[in-house]
Amino acid sequence: MVWETVIGLEVHVQLDTKSKLFSGSSTTFGAEPNTQAGIYDLAMPGTLPVFNEAVLRMAVKFGLAIDAEIGRRSVFDRKNYFYPDLPKGYQVTQLQFPTVGKGSLQITLEDGSDKVIGITRAHIEEDAGKSLHEDFLGLTGIDLNRAGTALLEIVSEPELRNAKEAVAYLKKLHAIILYLGISDGNMAQGSMRCDANVSVRKLGAKEFGTRAEIKNINSFRFVEKAINHEVQRQINILEDGGRIIQETRLYDADKDETRSMRSKEVANDYRYFPEPDLLPVVIDEAYIESVRAELPELPNAKRARFVSQYGLSDYDAGVLASSREMANFYEEVVKICDDAKLSANWVTVDLQGLLNKSDLEINQSPVSATRLGALIGRIKDQTVSSKIAKTVFEAMLGNEQSVDEIIESQGLKQVTDSGAIEKLVDEVIAANPEQVTQYRAGKEKVFAFFIGQAMKVSKGKANPDQLNALLLQKLKG
Amino acid sequence: MSRRTVAELSRSLARGEFSSTELTRDYLSRIKQFNGVYNAYITVTEELALAQAGAADQRRARGEYGPLTGIPIAHKDIFCMQDVRTTCASKMLSNFIAPYNATVVERLNAAGTVTLGKTNMDEFAMGSSNETSFFGAVRNPWDPERVPGGSSGGSAAAVAADLCAMATGTDTGGSIRQPAAFCGITGFKPSYGRISRWGMIAFASSLDQAGPISKSAEDAALMMNAIAGPDIKDSTCVDLAAPDYMATLNDSLQGLRIGVPRQHLAEGLGAEVESALQAALKVFENLGATIQEVDLPNSHLSVPAYYVIAPAEASANLSRFDGVRYGYRCADPVNLEDMYKRSRNEGFGSEVKRRIMIGTYALSAGFYDAYYIKAQQIRRLIKQDFDNAFKEVDVIIGPTTPHTAFKLGEKNSDPVTMYLEDIYTIAVNLAGLPGMSIPAGSHQGLPIGIQLVGKDFDEARLLNVAHQYQQNTDWHLQGPEV
Amino acid sequence: MALEKSDVEKIAHLARLHIDAAEAQEVANRISSILNLIDQMQSVETTNVAPLAHPFDAVQRLRPDVVTERNEREYLQKIAPAVQDGLYLVPKVIE
């Protein structure tokens, strides 16, 4: 039996505002428990919500970035359920009229092709507090610092067909959010959280299978593992003639498995109704245009520009445009050395390799764009060869000296004096008469041997072009 | 000093006939003497009152005072007052010390009023007789065997028995106007959105509105001048500067078009109320107004629609009372669900629980459209009825209640009978309009109120009409023998 | 519309109210009589009537993104039923 996987993601993004969605409490991460829970957040009787303008702006920004319909009139609703981390006994969210409607996101698959994933909607809602289960003699401690923080819940269409696509979608979403500056996107701290609706069906079937919702996926790596695990679990059940139960499952990263959450309520009945303490949010054309004017260049546009402006390959342009920091770093390097292709190679290969090895982000790079630009400039003006440049690059780590100082002090400057190179060539020819004979007898492969010898003697510093020409001339001589 | 209007007390204070401290002591001693009979106050804030009175006297001595400086008032116990017990007449909040001030309290404090205490009410403002209070029923000063009306029954009784110069109230379906009618005083419900709801414990968010309960329309205007107007803390409070309500009190009623709802004169209206209404209409005619009948064809649907919308909103508004962060928590809960269920069962009275149940039911899966959406559609029809009527008239006048105050215990066996007490007042809340009740007669020693309803945000006109009536009649000056 | 005892139990659970089995029937009867009153609404045709959630056609006002609250934890927790180390305590939440 061939099975097809169907995945839809619900991604909660904590918006990077100073104050909460409906109150003036601070949103700083990691504060002492309940020190950022004011009277509205604690649901003190008589308190009322007032909508934070930065949240609206960020939501509209996101909507424009995914070419979504912007809700000209969005309405907040109450979603009713009891839980100790939900102080009001209802969550304020948007059910029928979200701020962001239908949009789409283009992702790049492993084979390099592009796929467009539909986004159903993105709505604004309140985050809940946190429950701490340890150390209270069998009681649970409630911290409401996070309660009321603004979330944007982004709901995809069930158009993802495997775990890798889900990861690509999530990464693209992450990149856009960082490009827009609407969230720090930190999955470990919970600023970006992902629930996955996963089902399988026979390949070619029209109807969707019964889905399970996997909660608590908090890293890109876990998304792939959790989905793959869940898909396999469902296939095993179906192939054994069983049926999938619609339920919520929790991903346990330690055990790499999903397990059923004992349902909090037999049948959830959230009794949504319009939040009477808030009025409809009405957005006009002028507002939308003012937000549009603030939009940065987004990944796809940047990739296209890198191809046309710098003559990069689509692949390199895509890698460089995948994060705003990476793209900015790259363009700064280009500005200094004025060689787009060389810069692309150095940023995507050498620098990226270094960052991967030390598990660093581009904004933590031990080599600044200015210094990398200077190094590439020295390759371009032939002060050093590409090969020697890698030695210089190594030397630049943990060394505050300028690129020129390093080249100077370590004697890495390329030899371009033709007299010196000629002397070198003469020495090598004199020292290897046997090979000279072979070469002259027509065994041209021996030429590489001479180059190698010459480079060895010059410690790699001889200008390769000049060396090449002179050797050829003398051997043929 | 007793039974004088705020306007009169204000003039006496200005002339130095007595100080605010003396006036406050006088009220405090009246409260000590009579509160045991009427149970109008849940909490008396004697220390605070004397401190505020002393401060008011000092400001007055420096020449810094307004019309409300040093006036002793009472707040319905639904308004949060910082560091003062705020109970909403519920066991749930019987020990709740509010950590902040309601905007209404804040503004009256700023105007220099003296707070005598917090008045009794129906629990969470759910009731029309003040019998649902955890702190016991309030008695009507005109006849202690009768109810004062509700839910602002404590405020109404306190004003009628002159246990304060005036008081704040709230009105969700008639909770200011009905007790005002039963107690023979003036009760004013402004347009929805005219006064901030910040700090006013919510019953039904789209209907609740604060307002003055006073001895005259002029006093209501004085309080309105202090409390009305925009507040950034309440999204539903309109961005509309409030006018000076005193400025237009004496405008002529010549040419005023008064509409009387045909449906309010129909079956169910007591004969004594109808004759008082007709007599009042004569007074208005003599003042130059014209009277005509108007149609409110959907008014009979206002009570059914209200008993979906108000409980639905309340069911969510009261979810926060869960025993976690403040308020009542049951003893020794065995688990979380037990804590929720027992705390709420023990903390809420039966009427409150009934309304939470109705609201929960109306919002639950499968019933939402038939109940909640239907009720909101009827709400629009009711609003349209008023819009149409106001194309022809400036003010609508009718009865506030079908009859005079009923006896304690008379109507609390059947909730539906009690709900129908608010038949004339509820539509006004659904439409968000300003409404008021003024005394306009009496029957067998019990006061009768008539209701005035105005256009959106046309409070000044209502106060003007009521004031002109009170300049030409003396029903509002009559008080019970205390 | 008449409510059954089982309806009352279901609603009471949603609203987290404890209703004694002994009172469930009485509660069901009272609520049923209120529902009869409410059902008068069904007599009027409202097919093309837009629901009215707020009395006026006002729109939401926006608040600048500014922190206005200070840490008042000690003060706000004075009125809490149970706290420890700054946390509100509740019976164990079972996931």
Side-chain angles (χ1 to χ4, degrees), chain B residues 96-97 99 192-193 206 232 235-236 238-239 298 300-301 303-305 307-308 315 322-327 329 333-342 344-345 348 353-354 356-358 360-362 364 370-371 373-381 383 414-416 419 430-433 456, chain C residues 1 3 7-8 10-20 23 26-28 30-31 33-56 58-64 68 72 75-83 88-94:
Chain B
F96 177 67
I97 309 295
Y192 180 82
S206 78
I232 51 163
S235 299
T236 63
V238 294
D239 272 326
N298 294 293
H300 64 293
L301 296 173
V303 175
Y307 276 96
V308 172
S315 71
D322 59 4
V324 176
R325 299 160 312 284
Y326 53 81
R329 179 188 287 197
V334 297
N335 57 37
L336 183 66
E337 185 169 310
D338 182 49
M339 183 193 77
Y340 280 147
K341 289 187 173 177
R342 277 202 296 126
R344 289 167 61 77
N345 190 53
F348 292 139
K353 283 186 275 194
R354 190 147 50 230
I356 291 173
M357 297 274 287
I358 294 166
T360 303
Y361 183 68
S364 65
Y371 287 122
I373 293 295
K374 185 82 181 180
Q376 289 209 330
Q377 290 171 318
I378 287 171
R379 186 173 189 179
R380 185 173 295 278
L381 295 179
K383 171 98 177 142
D414 176 16
V416 172
Y419 295 173
L430 291 172
L433 302 171
D456 295 353
Chain C
M1 183 90 199
L3 280 196
D7 297 323
V8 167
K10 194 187 128 214
I11 305 163
H13 175 70
L14 278 176
R16 294 297 184 277
L17 291 169
H18 172 82
I19 304 279
D20 280 336
E23 21 163 20
E26 155 106 17
V27 171
R30 287 197 171 207
I31 291 178
S33 76
I34 297 163
L35 292 176
N36 284 336
L37 169 77
I38 290 170
D39 280 336
Q40 289 174 18
M41 292 194 307
Q42 311 306 339
S43 67
V44 65
E45 173 59 41
T46 52
T47 312
N48 291 314
V49 182
L52 183 70
H54 275 284
F56 304 114
V59 300
Q60 181 59 37
R61 197 178 24 229
L62 301 175
R63 170 178 69 81
T68 53
E72 295 186 294
Y75 178 58
L76 294 171
Q77 291 192 338
K78 276 200 299 199
I79 52 175
V83 287
Y88 292 96
L89 292 187
V90 297
K92 190 142 189 112
V93 176
I94 306 154

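Chain letters run A, B, ... following the sequence lines, proteins first, then strands; residues in each count from 1. It should be emphasised that the depicted structure is a prediction, and the values quoted were computed from it without experimental measurement.
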Under 4.5 Å between any side-chain heavy atoms of [X] and [Y], yes or no?
{"X": "C/Arg63", "Y": "B/Ile232", "answer": "no"}
{"X": "C/Leu35", "Y": "B/Tyr361", "answer": "yes"}
{"X": "B/Tyr371", "Y": "C/Asp39", "answer": "yes"}
{"X": "C/Phe56", "Y": "B/Lys383", "answer": "yes"}
{"X": "B/Lys341", "Y": "C/His13", "answer": "yes"}
{"X": "C/Val44", "Y": "B/Gln377", "answer": "no"}

Nearest heavy-atom pair of [X] and [Y]: which atoms, and what distance?
{"X": "C/Pro55", "Y": "B/Ala431", "answer": "CB-O, 3.7 Å"}
{"X": "C/Thr46", "Y": "B/Lys374", "answer": "OG1-NZ, 3.0 Å"}
{"X": "B/Gly327", "Y": "C/Pro81", "answer": "O-CG, 3.8 Å"}
{"X": "B/Asn335", "Y": "C/Pro91", "answer": "C-CB, 3.5 Å"}
{"X": "C/Ser33", "Y": "B/Val416", "answer": "O-CG2, 3.6 Å"}
{"X": "C/Met41", "Y": "B/Ala370", "answer": "CE-O, 4.0 Å"}

Is it the backbone or the side chain of [X] that comes under 4.5 Å from a heavy atom of chain B, or both, or neither?
{"X": "C/Leu89", "result": "backbone"}
{"X": "C/Gln42", "result": "both"}
{"X": "C/Val83", "result": "neither"}

Of all of [options], which one pairs up most often with chain C through heavy atoms under 4.5 Å apart?
{"options": "B/Val238, B/Ile97, B/Asp239", "result": "B/Asp239"}
{"options": "B/Asn298, B/Leu381, B/Val334", "result": "B/Leu381"}
{"options": "B/Asp322, B/Asp414, B/Asp338, B/Val324", "result": "B/Val324"}

Mind checking the [atom1]-[atom2] spacing from [X] to [Y]? Nearest 0.5 Å is all I need.
{"X": "B/Ile358", "Y": "C/Leu3", "atom1": "CD1", "atom2": "CG", "value": "9.0 Å"}
{"X": "B/Tyr419", "Y": "C/Ile34", "atom1": "OH", "atom2": "CD1", "value": "3.5 Å"}
{"X": "C/Leu17", "Y": "B/Phe348", "atom1": "CG", "atom2": "CZ", "value": "7.0 Å"}
{"X": "C/Arg30", "Y": "B/Lys353", "atom1": "CZ", "atom2": "NZ", "value": "12.5 Å"}
{"X": "B/Arg325", "Y": "C/Ile79", "atom1": "CZ", "atom2": "CD1", "value": "10.0 Å"}
{"X": "B/Met357", "Y": "C/Ile31", "atom1": "CE", "atom2": "CD1", "value": "4.0 Å"}

#### Entry: Toward chain C, the part of B/Ala375 with a non-hydrogen atom under 4.5 Å
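Contact with chain C involves both backbone and side-chain atoms of B/Ala375.
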
### Message
Counting only non-hydrogen atoms closer than 4.5 Å, does B/Ser315 touch chain C with its backbone (N, CA, C, O), its side chain (CB onward), both, or neither?
### Response
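When you check distances to chain C, no heavy atom of B/Ser315 falls under 4.5 Å.
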
#### Entry: Stepwise side-chain contact (heavy atoms from CB on, under 4.5 Å) test for B/Thr236 and C/His54
CA-CA 9 Å; B/Thr236 63; C/His54 275 284; 3.8 Å; yes

### Message
Taking side chain to side chain donor-acceptor pair (under 3.5 Å) as the definition, give me every residue that meets it alongside C/His18, ordered by chain and number, with sequence neighbours left out.
### Response
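Listed in chain order: C/Asp20.
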
#### Entry: Partner set under side chain to side chain donor-acceptor pair (under 3.5 Å) for C/Gln60, not counting sequence neighbours
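For C/Gln60 the side chain to side chain donor-acceptor pair (under 3.5 Å) partners, ignoring immediate neighbours, are B/Ser235.
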
### Option that, when pairs with chain B are counted at under 4.5 Å, heavy atom only, ranks first among C/Ser43, C/Ala82, C/Pro51, C/Ala53
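Top option by heavy-atom pairs under 4.5 Å: C/Pro51.
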
### Query
Does any N or O in the side chain of C/Arg16 come within less than 3.5 Å of the main-chain N or O of B/Tyr340, such that one atom is a donor and the other an acceptor?
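No, because the side chain of C/Arg16 does not come within donor-acceptor range (under 3.5 Å) of the backbone of B/Tyr340.
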
